[in-house]
Structures are given as structure tokens and as C-alpha cells.
Amino acid sequence: MIEVHREICAYCGCCVSVCPEGALELVDAYLDIDTNTCINCGLCVRVCPLGALEAKK
Amino acid sequence: MKREYDVLVVGGGPGGAYAAKTFAEKGYSVLLTEKRPAIGVPVRCAEGVGKKLLHEFFKPEDQWIAAEIEKANIIAPDGFKMELEPERAGSEVGYVLHRKIFDRDLVWQAAGAGAEVQVKTRAVSPLMENGAVKGAILEQNGTSHEVRARLTIAADGVESKFSRWCGVDTTVPLREMETCAQYLMTGIDIDPHATEFFVGNDVAPGGYVWIFPKGEKTANVGIGVGGDRCKPGNRPIDYLNRFVKSHFPNGKTIELIAGGVSICQPLPCTVADNLMIVGDAARVSDPLTGGGIYAALYTGKLAGEVGAKGLDQGDTSSQKLMPYDKTWRESYLGKALERNYQIKEVFVKLIDDDLNAIIHSVAKMNMSDFNTLNLIKNIIAANPKVALKLGKAGLKNLIDSF
Ligand SMILES: Cc1cc2nc3c(=O)[nH]c(=O)nc-3n(C[C@H](O)[C@H](O)[C@H](O)COP(=O)(O)OP(=O)(O)OC[C@H]3O[C@@H](n4cnc5c(N)ncnc54)[C@H](O)[C@@H]3O)c2cc1C
Ligand code: SF4
Ligand code: SF4
């Protein structure tokens, strides 16, 4: 499960562009994650410039 | 909002705005839809643009310009500073913009030309019929609207998903996503007319730190690193904080910007039936510099011109729109992207010793011989190790791309 720390995220879109499943989406000013399509590959967690994403077991 | 337009533009950045304006000026009904509540904010840009390049499109308004840049300095990992005076800095001599004002003015111009604009209105899926795009479903104030269009422009920026929904894979490989953080700082001691670029694996692995002045004592201070080099404790924000602490301990930060720039090759095809992809969404930002304002304007305008011909003739099939794809690839932009991609592929493999050697040898070059091919020859002559890293195929690609 990927958790978004909204208090850290600055809605930049970096994570959205690397997600192979299209599971992330920037809605006007927040990041949304579709847990049904996410395959937990962790690419978004790696790329975030601020460290706003966390992989949770 | 009407239910039907000639053209639907998804995204209100420079690419979308310029496309919308171009179509509107030709008399087509245009809807420009932007998901964020305000155009251009939050900013995701260091705001630098070449003077000549910007002048291709307009005479800039005074309120767009934060600073005029006369030279660029490149700082090697060992601290050696190479100065690029105007003759050498090429198109990097330019402006630092206020994107908040610039982006909004472009949308303003599109509106002035007759385009309708909706903000806080997000395209959530395309309308598809027999494999062709027929508009989109837009979400506004919690309500969905079906908007039909003869032609749709995907100008949805780096996080582009619209084309993906239409069946074009826009995923950027992790290592080709430059992940960025930037502060707008004030109270710092800088040359207000020089941009500075710091390279090296300690300051910015696979990328660089930039200082882009926005007036006296004020600048965008930012960093991009390769996505594959980004690790907990060594994310762009961490590198940036360390850089700022050592270079500008007394500076004040008045804005935080995060962002991503794709440094991959452009999409293999930027048209489909009734669809054209422009700007960052087409992955046409510069793989070496990360610049994408010019590319967005250029592709936005070109999409307007080619798309209008299709609309005139009642044919917006991918085949009819193909001259758009072909033209930008053969243009100055397409060639620069190809060449800079090859250079980037070398750049990201260099260790600090290589970078030091290259920057020292380039600084010694005679200005009158200064062109990019000579630059490469010079670098390779001075640093045979770099040539080895490239390999035969790489070297050929690099030379061919000039
Ligand atoms: C840190 C950083 C520094 C940079 N520095 C420079 C620089 O110095 N010089 C330079 O030339 N370039 C720079 N760039 C690149 C530059 O910012 C982009 O290339 C440029 O903004 C691309 O313009 P665009 O119109 O294609 O996309 P954008 O400006 O990203 O606009 C896309 C718009 O589409 C909207 N959108 C997305 N999805 C939807 C949807 N589904 N529905 C409705 N709207 C949607 C977005 O909200 C956004 O407003 C930098 C980028 C970053 C991240
Ligand atoms: S990359 Fe990080 S800061 Fe950017 S939108 Fe994703 S979670 Fe937010
Ligand atoms: S973990 Fe992978 S699939 Fe899931 S949201 Fe992140 S990038 Fe997408």
C-alpha cells in the first residue's frame, strides 16, 4: 500500500509520470491514488523529490 | 460551457494556451480546460528562456521579465568556474520570467482571441468512438460534463494522462525522470545578470544545481537529479538544503517548488485520430537542460496551424495530422532534442574527474572556433576516457546528431 503524506506533497506530478499503471492522479491540488490499479512497484516512492510517499506493508 | 466545440484543449500551460490562441484566431470554437484553480500556480519551473527563442513568438511584455541574463557560469566539481560570455552561452542568454504572470497572460491572450476558458475543470477521460477521440468528460464542481470536439489537444504537461487514456503510453522511465526541488530565495549575494550551473556527483548526481536570478539579491535556486539516484536522505530537497546551507546560509526562502522534467526521448508518435499531443505531454522538454517552455510554445503553435488545416478540410485523422509530428521532428527543436539526448546520455555517466577535465579543457577553447561540433571534438581529444564511455555507436550517434 502506498501512502501519500499530504503534509509533505507539493503536487508536482513527478510520481504520476513514472507510474506504469496510471494509478496516481493529481486532482486540482492534491494527489490521489487508486489502490485497485496500484501494483506496489515503488517507483513513485523512489522518484518523489520531497519524500512524500511511503510504501506500507 | 457548451456541449460541443471544434477544438478541446486539455491543460492551460504555455503549450495549451498557445494552441488555443492559434485555433481561436483562425475562427474555430475552442474550449481550454485547466484542472487547477489558477493558471500557472504553483509554478513548476526555473523560468529561464532564451531571448531569441522567445522572440520567435512575441515581443515580451515588461511584466513577464524578472531578469535579463547576459552570461552563464558553469561550476565544476572542483570549484573551477567557467564563464560563458554571450558569444558562447548561445540561446542560454535570455530572460528569467515570472511564469505566474507569463502563463496567465498567454491564457488571457487565448481568451482575447475568442477561446472559452474553464478552470478547476479536469478532463477525467476521453470520449472514444471506433478508436478515435471525440472529446472528453470534464469534471467541474463535482459534476461531469460530456464535451464533444472535432479535435482534442493533449497539453496536460509532465503528469500527462490524457494521451495514456487514449491508448498512447506516456510513462517516463525512472532514470529519465529528472526530479527537482527549488527555492525562490531572497537576501542572497548573486550576480543579477548571470545564471549559474553547478555540476558534480556530490551536488547533483545526474543533474545540476541552478541559480537563476530574479532581480537584485533574489533567485530561483534549484536542483534536478536523475530519478534513479534519488534515495531517502538524498532526495532533491536534501541536496538543495545542503547546497543552500553552504552557499547562502543567510538567505531567506519565500517559496518552495517541486517538480519533474522528463529527459527521455519524445513520444514515438504525437498524433492519433482527432488527437494532437503538445509540450511536456509529448515529452519534448530538453533532455540536457530540462527546458520546455520553448518546446511547448512551438508545438502548441504548430498544432494549431496543422490542426486548423485538417479542420478546414473536415479530416483530422492521424494521417492528416501527421505533418505536425514530422515538422517538429525536422525543426530546430527536433534536432536539438535528438542531439541533447545523446549528450545527456554521456553526461549522466561522467564521474567528477571527467567533468573537471572537460570543463577545464572547454574553458581553454578559442572563442572563434566555438560551435557545438568543435566542442565535442575538443572534449574527446582532451578526454579520451569520455570517448571510451561513449563507445563506437554512441560516438557515431553523437556526431550524426549535429
Ligand atoms: C523544476 C523545474 C524547472 C524547470 N525549469 C525550466 C526552465 O528554466 N526553462 C524552461 O524552458 N523550462 C523549464 N522547465 C520545464 C517547463 O516548466 C515545462 O516544460 C513547461 O511548463 C511545459 O509546458 P506545457 O504547457 O507543456 O505543460 P505545463 O506547463 O505543465 O501545463 C500543463 C497543464 O495541464 C494541466 N492539466 C494536466 N492534466 C489535466 C487534466 N486532466 N485536465 C485539465 N488540465 C490538466 C496542468 O494542471 C497544467 O496546468 C522546468 C520544469 C521543472 C519541473
Ligand atoms: S512526486 Fe511527491 S511531491 Fe510530487 S506529486 Fe508525487 S507525492 Fe507529491
Ligand atoms: S507503487 Fe507503482 S503502481 Fe503503485 S502508484 Fe506507485 S508507481 Fe504506481
Side-chain angles (χ1 to χ4, degrees), chain A, chain B residues 34-38 41-44 119-122 124 139-140 156-161 163-165 169-182 222-240 255-262 264 280-281 283:
Chain A
M1 262 274 290
I2 303 297
E3 193 180 327
V4 185
H5 292 285
R6 285 193 183 161
E7 70 285 7
I8 301 177
C9 171
Y11 30 86
C12 71
C14 237
C15 54
V16 179
S17 352
V18 299
C19 174
E21 302 300 315
L24 295 164
E25 168 86 342
L26 279 180
V27 183
D28 54 30
Y30 63 90
L31 180 69
D32 203 21
I33 171 159
D34 179 353
T35 46
N36 293 322
T37 39
C38 169
I39 54 165
N40 290 306
C41 68
L43 290 176
C44 56
V45 178
R46 288 197 57 188
V47 85
C48 175
L50 306 180
L53 297 172
E54 192 185 345
K56 290 226 158 151
K57 295 245 160 72
Chain B
E34 166 57 52
K35 70 182 173 185
R36 293 192 272 176
V41 282
V43 172
R44 299 169 178 163
V119 292
K120 212 170 186 318
T121 305
R122 186 168 60 101
V124 294
E139 223 169 69
Q140 186 183 51
D156 46 348
V158 73
E159 82 255 35
S160 170
K161 287 183 78 181
S163 327
R164 171 195 275 271
W165 296 328
D169 186 8
T170 52
T171 314
V172 179
L174 178 68
R175 75 172 193 95
E176 297 198 303
M177 190 66 204
E178 195 78 0
T179 161
C180 309
Q182 173 178 284
I223 180 175
V225 309
D228 54 342
R229 320 269 183 107
C230 182
K231 307 236 161 64
N234 277 324
R235 294 188 184 276
I237 192 73
D238 304 312
Y239 283 105
L240 180 61
E255 203 167 306
L256 161 70
I257 284 150
V261 188
S262 63
C264 53
D280 275 11
R283 309 301 180 216

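Source: prediction; values computed, not measured. In the text below, chain A, chain B and the rest are named by the order of the sequence lines, each starting its count at 1.
Among all heavy-atom pairs drawn from A:V18 and B:T171, the shortest one is O-CG2, 3.5 Å. Taking every heavy atom of both residues into account, A:R46 and B:D228 meet most closely at NH2-O, 3.0 Å. Minimum interatomic distance between B:A258 and A:L50 (heavy atoms only, all atoms of both residues): CB-CD1, 4.0 Å.
Considering CD of A:E21 and CZ of B:R164, their distance stands at 7.5 Å, rounded to 0.5 Å. The distance from the OG atom of A:S17 to the CZ atom of B:R283 is 5.5 Å, given to the nearest 0.5 Å.
Side-chain contact between B:E159 and A:L24 is absent, with no heavy atoms from C-beta onward closer than 4.5 Å. Taking 4.5 Å as the limit, every side-chain heavy atom of B:K161 sits out of range of all side-chain heavy atoms of A:C19.
Considering only heavy-atom pairs separated by less than 4.5 Å from chain A, the leading option among B:P173, B:G260, B:G259 is B:G259. Considering only heavy-atom pairs separated by less than 4.5 Å from chain B, the leading option among A:A10, A:C44, A:G22 is A:G22. Counting heavy-atom pairs under 4.5 Å between each of B:A181, B:C180, B:G227 and chain A puts B:C180 at the top.
Put simply, the side chain of B:R122 never gets that close to the backbone of A:D28: no donor and acceptor are under 3.5 Å apart. For the pair B:T179 (side chain) and A:V47 (backbone), a donor-acceptor distance under 3.5 Å is present.
With a threshold of 4.5 angstrom between heavy atoms, A:E25 approaches chain B through its backbone and through its side chain. Proximity to chain A is absent for every atom of B:R175, based on heavy atoms less than 4.5 angstrom apart. Of the atoms belonging to B:T170, it is backbone heavy atoms, and not side-chain ones, that fall under 4.5 Å from chain A. Residue B:E178 touches chain A through its backbone alone, counting heavy-atom pairs closer than 4.5 Å. Interface remark: B:R36 contributes backbone and side-chain atoms alike to the contact with chain A (heavy atom separation under 4.5 Å). Contacts of B:P42 with chain A are made by side-chain atoms alone, with heavy-atom separations under 4.5 Å and no backbone atom involved.
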